Structure formats: structure tokens, C-alpha cells
Amino acid sequence: MSLFDDLQLGFFTEAPAPAPAVPSSSPSSSPSLSSSPSSSQPPESDRGRQVRGRSALRARTAVLFSRLQDMGLRGVEQLVLMRTRTVMVSLIGRTLRVHEGYSEAPETVLRAIMAFATARTRAERLAAREVILAHDVERAPVARRQEPARPGDAALLTQLTEAHRQLNAQWFGGTLKSIPLRLSGRMATRLGHYDPGSRHLAAEIVMSRTHIVRHGWREAMHTLLHEMVHQWQHETGRPVDHGPEFRRKAREVGITPAARRDVTPLERRRERQAHAR
């Protein structure tokens, strides 16, 4: 379960690796490519390739920023091209961050990026969002963090896989793909997570091990269904978010139509309510 940020396009947030930024003031304010000598510096040939690579990326950034401004982009002081697998476009303050795969996108997509950055209403942003995400961008492969298995994990994953199969047949007509399920002990606040994958990685559903142990199987099935709704969104070409379509489908399958829910056991909830009186 995750929250969708209106000013960020993507599936799940990760820290992006930004390319050199191009401010709107003047090219001279771009970061310098020179650096002081250091014993840890790479060989001269490697430094030359790095400099040429940064220069080319800065040039692409400048060209894209100029094109967006010609299309009507206003109120943005800096453009950053990102190398990231998940975040496609984000607007933070007056800095617009764009996945570098959009640097040579068609004009219709660039106009959608401009519209996303200047939108005054949620409807305008959502309309731009659909055009942006419809453009296929090659994402860099990212290795998933592997956790050591714990006693009982194999049996629990067998049960979850069978539950996925049964819920798929019951609520989705068996149309969802059979995808890997994984347990995580690192999810401090999230109950579950659907990762749509990429060209390099298969989609998967991650379940919080702590959530299953602490809140029980019934709540775990609620969370699994929540993530399966996200799987349904992805496999049917819909945005993976908590918008109107998610809420409609969530009600249809009988789960809470929201990004978050209270999983406090009923007895503790009653105690908490009694103390509040």
C-alpha cells in the first residue's frame, strides 16, 4: 500500500540519480567540470569520458529546457534530467525533474510534461499524466535487495501463493498473472507493496512479515487483495495509484478503498475508544 504524490509520476519512490541541472538564468551558472587534483581521481582517459558524458547530458538538458519553455513552460527555474527506474516526472518547488528517457520524446509528450508542471487543477495534471506515462521509457535495471529467509517463510509463501490464486479466481475471474510473492522484514510502516517490475525484472507482491504475524491472516488477505488491485491496474494498462478507479475496484472486491487503513486489533480499538471518553 502506498500513497501517490500528485506532483510525482511513477510507481514507487526511490532516490533518483540526478544529472547535471540547467538553471534558467544562464549557461554560465552551470556547475563547473573542473576539479582539484586528487590521488583518488580516475585515470585521465576515464576522466575524459566522464567529462564528455556530463557535457553531452548538460547539452541535452539545455535543449529540452529550451523546448519546454518555447511550449509555454513558466515558473520553473531549473530542469534536471534523472536516471531512475521509478520516478518519471516530478516538480519540487521550482525545480522540474524529468527522466532522461523523455529528452527526445515526441512533441505531444513534451507538451504533456509542460502541462503537468503548469497545471492548476488535479484534472489537468491527471490528463497530462496519462500522456506522459503512456510513452514507454527504458528504465535502468535495479537489483532488488534480497533478505535471508527465516524459519517458516517457505510454508508461509506457499500459503500466500495459494491465496493469490484463489482470490484471483474469486474476484478477477482468474485474469491476473501468477507472479512471485516475497516477504520483507524491512517494511516499517507499509503493510504490502506491488512492484510492477520492468523489462529487466518481473512484477512481484511484497508482504510485510511483521504485519502478517502481528495482525493475523484475515488482515493479511485484506492487504494481499489491495496489492492485487494494483496488479490489476498495471496489467490492464491503468495508472497504478489510489484514484477513482482504484477505489471503485476496491469496493468491488470488498476492501477498504483507501491508501491506508487501521489494522489495530478490535479489542485495542475498543480500549482506545473507552479511554477517549
Side-chain angles (χ1 to χ4, degrees), residues 2-34 50-140 196 198 233-234 237-247 259:
S2 61
L3 291 174
F4 176 74
D5 181 356
D6 277 346
L7 299 184
Q8 183 165 276
L9 292 188
F11 296 108
F12 308 102
T13 56
E14 280 180 2
V22 174
S24 60
S25 53
S26 67
S28 61
S29 60
S30 299
S32 171
L33 295 179
S34 62
Q50 291 172 2
V51 169
R52 288 193 296 274
R54 288 197 296 269
S55 297
L57 192 54
R58 185 177 293 110
R60 289 167 60 197
T61 305
V63 169
L64 178 59
F65 199 13
S66 176
R67 291 184 66 188
L68 291 172
Q69 288 176 321
D70 289 344
M71 293 176 184
L73 181 66
R74 299 292 182 268
V76 171
E77 296 178 353
Q78 184 172 256
L79 175 70
V80 178
L81 285 183
M82 303 181 295
R83 305 179 190 96
T84 175
R85 188 175 66 90
T86 54
V87 179
M88 299 294 100
V89 180
S90 69
L91 179 64
I92 303 174
R94 293 182 176 272
T95 298
L96 178 63
R97 290 174 169 82
V98 179
H99 190 287
E100 64 178 359
Y102 289 104
S103 61
E104 298 182 13
E107 182 176 339
T108 53
V109 178
L110 296 185
R111 288 194 178 278
I113 293 173
M114 183 275 296
F116 175 82
T118 58
R120 294 182 177 274
T121 67
R122 179 178 175 80
E124 291 176 348
R125 190 169 293 123
L126 287 175
R129 174 183 185 276
E130 290 188 10
V131 177
I132 295 170
L133 294 183
H135 181 71
D136 192 23
V137 170
E138 175 69 28
R139 298 181 179 90
S198 67
Q233 288 178 308
H234 177 235
R238 293 170 168 84
V240 180
D241 60 14
H242 294 100
E245 287 196 328
F246 172 86
R247 294 193 293 271

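Only this structure's heavy atoms are used, side chains among them; waters, hydrogens and symmetry mates stay out. Only a predicted model underlies this, so the values are computations on that prediction, with no experimental measurement involved.
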Q | Under the salt bridge (Lys or Arg N to Asp or Glu O under 4.0 Å) test, residues paired with Glu104 that sit two or more places apart | A | none
Kindly indicate whether the side chain of [X], heavy atoms from C-beta on, has any atom under 4.5 Å from the side chain of [Y].
| X | Y | result |
| --- | --- | --- |
| Leu73 | Arg67 | no |
| Leu96 | Val89 | yes |
| Ile132 | Arg129 | no |
| Thr118 | Val76 | no |

On a heavy-atom basis, which atom in [X] and which in [Y] lie closest, and how many Å separate them?
| X | Y | result |
| --- | --- | --- |
| Val109 | Val131 | CA-CG1, 4.2 Å |
| His234 | Pro196 | CE1-O, 3.4 Å |
| Ala117 | Leu91 | O-CD2, 3.4 Å |

Quick one: pull up [atom1] in [X] and [atom2] in [Y] and give me the separation to the nearest 0.5 Å.
| X | Y | atom1 | atom2 | value |
| --- | --- | --- | --- | --- |
| Phe116 | Glu130 | CZ | CD | 13.0 Å |
| Asp70 | Glu107 | CG | CD | 10.5 Å |
| Gln69 | Met114 | CD | CE | 11.5 Å |
| His99 | Leu81 | NE2 | CG | 10.0 Å |
| Met82 | Thr61 | CE | OG1 | 11.5 Å |
| Ile113 | Leu79 | CD1 | CG | 9.0 Å |

Q. Under the 3.5 angstrom rule, does the side chain of Glu124 hit a backbone N or O of Ala115 as a donor-acceptor pair?
A. no
(Q) Quick check against the 3.5 Å criterion: does Arg94 have a side-chain atom that pairs as donor or acceptor with the backbone of Gly75? (A) yes
Q: Go through the structure and list residues passing ring-ring contact (aromatic ring centres under 6.0 Å, His included) with Tyr102, not counting sequence neighbours.
A: His135
Q. Sequence neighbours excluded, which residues qualify as side chain to side chain donor-acceptor pair (under 3.5 Å) partners of Ser66?
A. none
